[in-house]
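Following: one structure in structure tokens, then a few remarks.
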Amino acid sequence: MILVLGGAGYIGSHMLKLLRETGESHLVFDNFEEGHREALLGSPYVQGDLRNRDDLRKLFADHPDIDVVMHFAAYIAVGESVEQPGKYFTNNTTAVIGLLEEMRAAGIGKFVFSSTAAIFGEPHYVPIDEAHPKDPTSPYGDSKLMVERILKAFDVAHGFKSVCLRYFNAAGADPENRIGEDHHPETHLIPVAILAAMGKKPSLKVFGTDYDTPDGTCVRDYIHVLDLAQAHLLAVKHLRAGGDSRQYNLGNGQGFTVRQVIDAVEHATGLKVPNEEAPRRAGDPAKLIASSDRIRADWGWNPQYGDLKVIVEHAWNWHKTHPEGYA
Ligand SMILES: NC(=O)c1ccc[n+]([C@@H]2O[C@H](COP(=O)([O-])OP(=O)(O)OC[C@H]3O[C@@H](n4cnc5c(N)ncnc54)[C@H](O)[C@@H]3O)[C@@H](O)[C@H]2O)c1
Ligand SMILES: O=c1ccn([C@@H]2O[C@H](COP(=O)(O)OP(=O)(O)O[C@H]3O[C@H](CO)[C@H](O)[C@H](O)[C@H]3O)[C@@H](O)[C@H]2O)c(=O)[nH]1
């Protein structure tokens, strides 16, 4: 059985959709601080906190059939991590050490980790491949890179096998429109632009217009949540077949500036996105574009929703029909 930590969140809930569709036995563990019960759509869950070793011990004792852990639970906002590093290192790093120790005590040694493009920092070259130097520009990125290093040490010491999936910018929503992105507060560009267009948020602040990019705004590589979820299924297959530890970058290999994303949102919605120039946001690298050649070659990963237009349309369908999110 697959344990999905943070399964009530944005990416985790899209993972659950695939697990239900493929008939994979699974269980969610979440504290619902950010996630939503409505996003589970019937997937079984246990409420608890990753930072609480007793919760984890009980979880593994009550469910001895867990053989793989997918770890989505974390704090996720780059800007906030600069202001509140302790919050990020505690939840994203320290708590994971406790988790790995409890997994070991329960005899579980297969782990799929939600890592991030933020571990690379300012790019030395793009597209960013797995060999690119790792020098995060934010505590968020540091908190995730430390876990990657801890996982390496656990493999050497204990034969603990992991797959680190470094997502670039997760975006989009379930094409069937039953689940989508609903963070409080919402900080991600595509949903913020849509909410601003809908009049649900004040004007979009464009963080930084003097970067060394085609129009001066930051460049990101947006990847559909369901394409990320597909990569997790491949990781589980690999680990269950006795595979070694791996690290992969996940993106579409195409970069879009903040202004290009605003244009795409205006096109999809037919609405204007009110926006204003604002200072750079601390911790933001100028340009993040993935090379995902390695996972394509090794496992045949093949994103189904690579077009930014489709990604934005799926996000728009969700917000249009769920103007208050899950509430
Ligand atoms: N969204 C992105 O663009 C992006 C990009 C790269 C990596 N990631 C990583 O992917 C993962 C999922 O991101 P998301 O956008 O779905 O985030 P999210 O906030 O929507 O989901 C995280 C889930 O984890 C739960 N959670 C957090 N701390 C917990 C704790 N201590 N105990 C129990 N549950 C806890 C939350 O309630 C929530 O349901 C994160 O690890 C994030 O760092 C996200
Ligand atoms: O209101 C906004 C929101 C965002 N941006 C800009 O849009 C770009 C994308 O910002 P997001 O907040 O949507 O995403 P990030 O690139 O900061 O970070 C996301 O992707 C990272 C990986 O690339 C991390 O893993 C992280 O968890 C996830 O939030 C950035 O240049 C940001 O400055 C704005 O200009 N205005």
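Side chains included, hydrogens not; waters and symmetry mates left out as well; all remaining heavy atoms used. Each ligand, and each atom within it, is numbered from 1 in the order the structure gives.
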Item to check | Mutual orientation of the aromatic rings belonging to Trp299 and His238 [parallel < 30°, tilted 30-60°, perpendicular > 60°] | outcome: tilted
Next on the checklist: If you apply the rule salt bridge (Lys or Arg N to Asp or Glu O under 4.0 Å), what do you find for Lys309 with Glu313, and how did you get there?
Outcome noted: CA-CA 6 Å; Lys309 190 166 166 272; Glu313 269 165 15; 3.7 Å; yes
Next on the checklist: Tell me whether Arg104 forms a cation-pi arrangement with Phe160, defined as NZ or CZ under 6.0 Å from the six-membered ring centre and within 45 degrees of its axis.
Outcome noted: no
Item to check | His188 near ligand 1 by a heavy-atom separation under 4.0 Å | outcome: yes
Checklist outcome for this item: Taking every heavy atom of Gln247 against every heavy atom of Arg294, the minimum-distance pair comes out as O-NH1, 3.6 Å
Next on the checklist: Can you tell me if Gly48 contacts ligand 1 (heavy atom of the residue under 4.0 Å from the ligand)?
Outcome noted: yes
Checklist entry - Using a distance-only test with no angle check, is there a side-chain donor-acceptor pair under 3.5 angstrom linking Arg51 and Thr90? => result no
Checklist entry - In the protein, which heavy atom is nearest to atom 21 (O) of ligand 1, and how far is it? => result Gly9 CA, 3.3 Å
Next on the checklist: Ignoring hydrogens, what is the shortest heavy-atom contact between Gly172 and Val225? Give both atom names and the distance.
Outcome noted: O-CG2, 3.9 Å
Checklist outcome for this item: Under 4.0 Å from one or more heavy atoms of Asn91, ligand 1 contributes atoms 27 (C), 28 (N), 29 (C), 30 (C), 31 (N)
Next on the checklist: If I compare all heavy atoms of Ile66 with all of Ile108, which pair ends up nearest, and what's the gap?
Outcome noted: O-CG1, 3.6 Å
Checklist entry - Tell me, which protein residue and heavy-atom name are nearest atom 37 (O) of ligand 1, and how many Å apart are they? => result Asp30 OD1, 2.7 Å
Item to check | Nearest-0.5 Å distance, CG of residue Leu59 to CZ of residue Arg57 | outcome: 12.0 Å
Next on the checklist: For residues Ile76 and Leu145: do they belong to one hydrophobic cluster (side chain heavy atoms under 4.5 Å, members Ile, Leu, Val, Met, Phe, Trp, Tyr)?
Outcome noted: no
Checklist entry - For atom 5 (C) of ligand 1, what's the nearest protein heavy atom and its distance? => result Phe168 O, 3.4 Å
Checklist entry - Around atom CZ of Arg178, are there more than 12 heavy atoms of other residues, nucleotides or ligands at under 6.0 Å? => result no
Checklist entry - Once you round to the nearest 0.5 Å, how far does CG of Asp142 lie from OG1 of Thr137? => result 8.5 Å
Checklist entry - Will you find, in the side chains of Ser292 and Tyr248, an N or O donor that is under 3.5 Å from an N or O acceptor? => result no
Checklist entry - To the nearest 0.1 Å, how far is atom 13 (O) of ligand 1 from its closest protein heavy atom, and which atom is that? => result Ile11 CD1, 3.7 Å
Item to check | Atoms of ligand 1 close to Phe32 [distance to a heavy atom under 4.0 angstrom, numbered from 1] | outcome: 37 (O)
Checklist entry - Do Arg240 and Asp67 sit within salt-bridge range, that is, some charged N less than 4.0 Å from a carboxylate O? => result yes
Next on the checklist: Quick check: closest heavy atoms across Gly98 and Arg53, and the distance to 0.1 Å?
Outcome noted: CA-NH1, 3.4 Å
Next on the checklist: Does Leu233 form a side chain to side chain contact (heavy atoms under 4.5 Å, CB included) with Trp301? I'd like the steps, not just the answer.
Outcome noted: CA-CA 10 Å; Leu233 290 185; Trp301 180 66; over 6 Å; no
Checklist outcome for this item: Note: ligand 1 atoms sitting under 4.0 Å from heavy atoms of Asp49 are 30 (C), 31 (N), 32 (N)
Item to check | Shell of residues surrounding ligand 2, defined by a 4.0 angstrom heavy-atom cut-off that is strict | outcome: Ile76, Val78, Thr116, Ala117, Tyr140, Tyr167, Phe168, Asn169, Thr187, His188, Leu189, Val192, Leu204, Lys205, Val206, Phe207, Cys218, Arg220, Tyr222, Val258, Arg281, Asp284, Leu288
Checklist entry - atom 27 (C) of ligand 1: which protein heavy atom is closest, and how many Å away? => result Ala74 N, 3.6 Å
Checklist outcome for this item: min-distance protein heavy atom vs atom 33 (C) of ligand 1 -> Asn31 N, 3.2 Å
Checklist entry - Does His71 approach ligand 1 within less than 4.0 angstrom via side chain, backbone, both or neither, non-hydrogen atoms only? => result neither
Next on the checklist: Suppose I only count heavy atoms of Ile76 and a 4.0 Å limit; which atoms of ligand 1 are within that range?
Outcome noted: 13 (O), 15 (O), 17 (O), 40 (C), 42 (C), 43 (O)
Next on the checklist: With heavy-atom distances below 4.0 Å as the criterion, list the atoms of ligand 1 near Thr116.
Outcome noted: 6 (C), 7 (C)
Checklist entry - Which of the atoms of ligand 1 are close to Leu50, meaning less than 4.0 Å from one of its heavy atoms? => result 30 (C), 31 (N), 32 (N), 33 (C)
Item to check | Numbered atoms and elements of ligand 1 in range of Lys144, under 4.0 angstrom, heavy atoms | outcome: 40 (C), 41 (O), 42 (C), 43 (O)
Checklist entry - Starting from atom 3 (O) of ligand 1, which protein heavy atom do you reach first, and at what distance in Å? => result Ala170 N, 3.0 Å
Next on the checklist: For Leu3 versus Phe60, what's the shortest heavy-atom pair and its separation?
Outcome noted: CD2-CE2, 3.7 Å
Checklist entry - Which is closest to atom 10 (O) of ligand 1 by heavy-atom distance: Tyr167, Phe72, Phe29? => result Tyr167
Next on the checklist: Can you classify the ring geometry of Tyr75 versus Tyr88 as parallel (below 30°), tilted (30 to 60°) or perpendicular (above 60°)?
Outcome noted: tilted
Next on the checklist: Test your reading of the structure: does Glu34 have an N or O sitting under 3.5 Å from an N or O of ligand 1?
Outcome noted: yes
Next on the checklist: Checking the N or O distance criterion of under 3.5 Å, is ligand 1 in contact with Ala73?
Outcome noted: no
Checklist entry - Considering only the protein, which heavy-atom contact is closest to atom 43 (O) of ligand 1, and what is its distance? => result Tyr140 OH, 2.6 Å
Checklist outcome for this item: The atoms of ligand 1 lying under 4.0 Å from a heavy atom of Ser115, numbered in the order shown, are 6 (C), 7 (C)
